[in-house]
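What follows is a short report on a single structure.
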Amino acid sequence: MENIITPSPSSYSISLTHDTDSRNSSIIHKLESCKSLKELKQIHSYIIKTSPTLPHQTQQLVYTTIISISARTSNHVPDITYIHSLFNKLENPTIDLYNIVIRSFNHSNQNPLFALLFYSDLLVKGLIGDSFTYPYVLKSCTLSYALREGEQIHSHVIKNGFVLNLYVVNTLISFYGACGAMENAQKVFDESPERDLVTWTTLIQGYVKRGCLEKGMQVFYEMCEAGVRADEMTMVILISSCAKLRDINLGIKLHKYIYDHDLNFDVYICNALVDMYLKCGNPTLAIKLFNKMPLKNIVSWNSIILGLIQQGKFKIAMNVFKKMQSQKVKPDNITLVGVLNCCANLGTLKQGKWVHSYINKNGIKTDGFIGNALLDMYTKCGDIKKATYVFNHMKHKDVYTYTNMILGFAIHGEGQKALKLFSEMPKIGITPNDVTYLAVLMACAHCGFVKEGFNHFVNMLKVHNIKPQKEHYGCMVDLLGRAGLLSEAEDFIRNMNIEPDGLIWGALLAACGTHKNVEIGKRVMEKVDKMMDKDKDKDGAFILMSNLYSSENRFRDAFKLRKIMKERKIKKSPGCSSIEVDDVAYEFRKGDKSHQQTKEIYMLLDIMGKHLKNNDQIII
DNA sequence: TTAGGGTTAG
């Protein structure tokens, strides 16, 4: 590499003595060969030092060349001060040069609005933007969501007669769409005499981004009527919009459109389709398409894994992850969040720990999504110590981090710790949300903090303007019920601002079971029976009540209830738990005899039960 | 040197 820090004349060898043309081309060649902005600046200063009396024309050429090189080279981040200082030295910068610089800010990691400085500079110099300038400047406004500035540019577009330019029209629609000003976007669209696929797609995209999914679809139908054929990009936008609409029939029609119009089933289209089928509740079609995909990228794997998780198919999702590993596809943060979610729901602590060590080995930061997913996994898998460790080591905590940790403490019976954490939130500027309050109320319920629970329940609306939902009311019933305040719980339900459902009455019924209160239990049971539509959802309530009768020696009532269950074909759906042994998650249901070692399992269970009854310490 | 730049996470 050349020594450019202390350049010698031979290393640059710019021929300053030859004729003008050859000297100019030598300088340009040297500047063009620069690999960084630093090098460019060094050569510039070298030229100034060694030839302070360059002819005016050559000087201007040097400035123009430096500006265009520093602006157009992708690894040269535009240095706004430097470029601006060079611009000031130029007598007549051309509109082309302005365009190059303005464009460079759209591709840099600097504030795109810097482009506007150059645009106003251009106006000061008495120049007028051309058909390239406006798309570039509008793009800068789009990237910065600068509605007011963009509107001003729009007025310049009208004044300077560029409203008929399709590139300008399309960028205007995109700009208004990004800023959420869909009325303006639609107006530009309506007033344009010419429209192409980009115009239609941009308008559709605008509506979809705003969440106006049906309207976006309606524009697509209008586009079809206008005889414009969609391309792959249009279809991806429509399919993902359809996924959000959860409309499988529409999804199938869009799928057919791709076939009928001979579009490419590229990786984007396939990913969008897989995601759509999963979100619309058809994992079979999603898996079929996924298996047929000729080319898969990380998004394909993530879409299928996360989609299966959304469907509650954690084991299948885990198997897909294993397949992904066997094909040597490197998981990214999104995959890991999904896998941790699986571990949390399957209770597979060992696999969760493996993911944690993978994260550490690969230097992935345990912040944000990843940190929260790790925390969730440890709390749900019952390792509160590790969960606390993860929490304490997270640098950037957000409302999800706090909610997770509070919930962790709540379900582990550490109510004081949960409430202490909750009290820390406002101090560091994190506002609790509805789920945070659910965790707080759970903590109070699990630890018998009736007074605190009520205070928090009131503060939800009073302090944070969060309207309590059914789940919060359910927690309050649970809180009173667990504390044995059964009549209070019954009154609470009757005075609620929302209509109680079977689940809320069910929470009270469970408390009646715990505290052996047959009278209230009987009343509540009748309520549950009336409230719940489907008999099959009442199984838990019937069993609870029948057990309550039995525990109070009212066997005749218990028998009567069981008889009703039989007549109405109400069957108890078996509770399910899972255990992880040697990386395999085993699920168990009551009466399940499908495991090979069923005999040994039940024998051990029997022994453990006896020990537990005697309060023995169990060592296996 | 032009425009839409598309798919996956609470």
Side-chain angles (χ1 to χ4, degrees), chain A residues 68 71-73 94-104 106-107 129-139 142 162 165-175 177-178 185 188-189 192 194-206 208-209 223 230-241 243-244 263-264 266-276 278-279 286 290 293 296-310 331-341 344 368-373 375-376 398-401 403-404 433-436:
Chain A
S68 43
R72 73 159 186 248
T73 318
T94 61
I95 193 74
D96 285 351
L97 196 63
Y98 272 108
N99 287 345
I100 291 169
V101 173
I102 289 171
R103 181 180 176 266
S104 73
N106 293 340
H107 300 286
D130 67 6
S131 60
F132 289 88
T133 319
Y134 291 105
Y136 292 153
V137 182
L138 283 166
K139 174 86 177 182
T142 307
F162 286 101
N165 181 297
L166 200 51
Y167 284 95
V168 176
V169 166
N170 291 347
T171 332
L172 270 171
I173 297 172
S174 168
F175 156 71
V188 174
F189 178 90
S192 176
E194 203 189 339
R195 289 158 200 167
D196 66 359
L197 176 61
V198 177
T199 324
W200 286 97
T201 309
T202 311
L203 187 69
I204 294 172
Q205 170 88 302
V208 169
K209 270 189 187 160
M223 180 182 124
D231 70 358
E232 286 79 4
M233 204 183 287
T234 325
M235 291 319 289
V236 170
I237 294 164
L238 292 168
I239 296 163
S240 62
S241 165
K244 288 189 190 99
L263 297 180
N264 282 329
D266 67 18
V267 73
Y268 287 107
I269 289 242
C270 289
N271 288 349
L273 280 170
V274 166
D275 179 57
M276 181 273 294
L278 283 161
K279 289 216 168 93
F290 177 81
M293 278 172 75
K296 295 182 183 85
N297 62 12
I298 185 69
V299 180
S300 325
W301 290 97
N302 288 348
S303 299
I304 194 104
I305 291 172
L306 296 164
L308 287 167
I309 290 171
Q310 275 164 12
D332 69 0
N333 284 14
I334 299 178
T335 329
L336 297 173
V337 168
V339 175
L340 284 168
N341 193 316
F369 273 93
I370 286 274
N372 290 338
L375 190 54
D376 180 53
D398 59 16
V399 65
Y400 298 102
T401 322
T403 305
N404 258 330
N433 62 22
D434 53 341
V435 188
T436 321

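Everything quoted here is computed from the prediction, not taken from an experiment. Proteins get letters first, then strands, A, B, ... in listed order; numbering begins at 1 in each.
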(request) Would you indicate whether the side-chain heavy atoms of A:Thr133 and A:Tyr98 approach each other to under 4.5 Å? (result) no
(request) Check ring pair (Phe, Tyr, Trp, His ring centres under 6.0 Å) between A:Tyr400 and all other residues, then give those that pass, not counting sequence neighbours. (result) none
(request) For A:Tyr134, answer base if it contacts any base atom (sugar-phosphate contacts may also be present), sugar-phosphate if it contacts only those atoms, and nothing otherwise; contact means non-hydrogen atoms under 4.0 Å. (result) nothing
(request) Indicate, with a heavy-atom threshold strictly under 4.0 Å, whether A:Asp398 touches base, sugar-phosphate, or nothing. (result) base
(request) Would you classify A:Lys296 as touching base, sugar-phosphate or nothing, given that sugar-phosphate means primed atoms plus P, OP1 and OP2, and contacts are heavy atoms under 4.0 Å? (result) nothing
(message) Under a plain distance cut-off of 3.5 Å, with no hydrogens placed, do A:Thr201 and A:Thr234 share a side-chain donor-acceptor pair?
(response) yes
(request) Taking heavy atoms of chain A and a 4.0 Å limit, find me the 5'-most and 3'-most nucleotide of DNA chain B within that range. (result) B:dT1 to B:dG10
(request) Indicate, with a heavy-atom threshold strictly under 4.0 Å, whether A:Asp376 touches base, sugar-phosphate, or nothing. (result) nothing
(request) Pick base, sugar-phosphate or nothing for A:Asn99, based on heavy-atom distances below 4.0 Å to the nucleic acid. (result) base
(message) What's A:Thr171 touching, base or sugar-phosphate or nothing? Going by heavy atoms closer than 4.0 Å.
(response) sugar-phosphate
(message) At 4.0 Å (heavy atoms only), tell me whether A:Leu197 reaches a base, stays on the sugar-phosphate, or touches nothing.
(response) base
(request) Check every strand shown and say whether A:Asn106 touches a base, only sugar-phosphate, or nothing at a heavy-atom separation below 4.0 Å. (result) nothing
(request) Please work out if A:Asp332 contacts a base, only the sugar-phosphate, or nothing of the nucleic acid, heavy-atom cut-off 4.0 Å. (result) nothing
(message) So A:Ser131, base contact, sugar-phosphate only, or nothing? Heavy-atom distance under 4.0 Å.
(response) base
(message) Can you confirm whether A:Lys296 sits close enough to A:Phe290 that some side-chain heavy atom of one is under 4.5 Å from a side-chain heavy atom of the other?
(response) yes
(request) Using a heavy-atom cut-off of under 4.0 Å over every strand shown, decide if A:Asn433 touches base, sugar-phosphate, or nothing. (result) nothing
(message) So, applying side chain to side chain contact (heavy atoms under 4.5 Å, CB included) with A:Asn302, which one of A:Ile298, A:Ile304, A:Val299 is it?
(response) A:Ile298
(request) Tell me what A:Leu306 touches on the nucleic acid: a base, only sugar-phosphate, or nothing, going by heavy atoms under 4.0 Å. (result) sugar-phosphate
(request) List the steps and the verdict of side chain to side chain donor-acceptor pair (under 3.5 Å) for A:Asp196 and A:Thr199. (result) CA-CA 5 Å; A:Asp196 66 359; A:Thr199 324; 2.7 Å; yes
(request) Using only heavy-atom distances, determine whether the side chains of A:Asn404 and A:Thr401 contain a donor-acceptor pair under 3.5 Å. (result) no
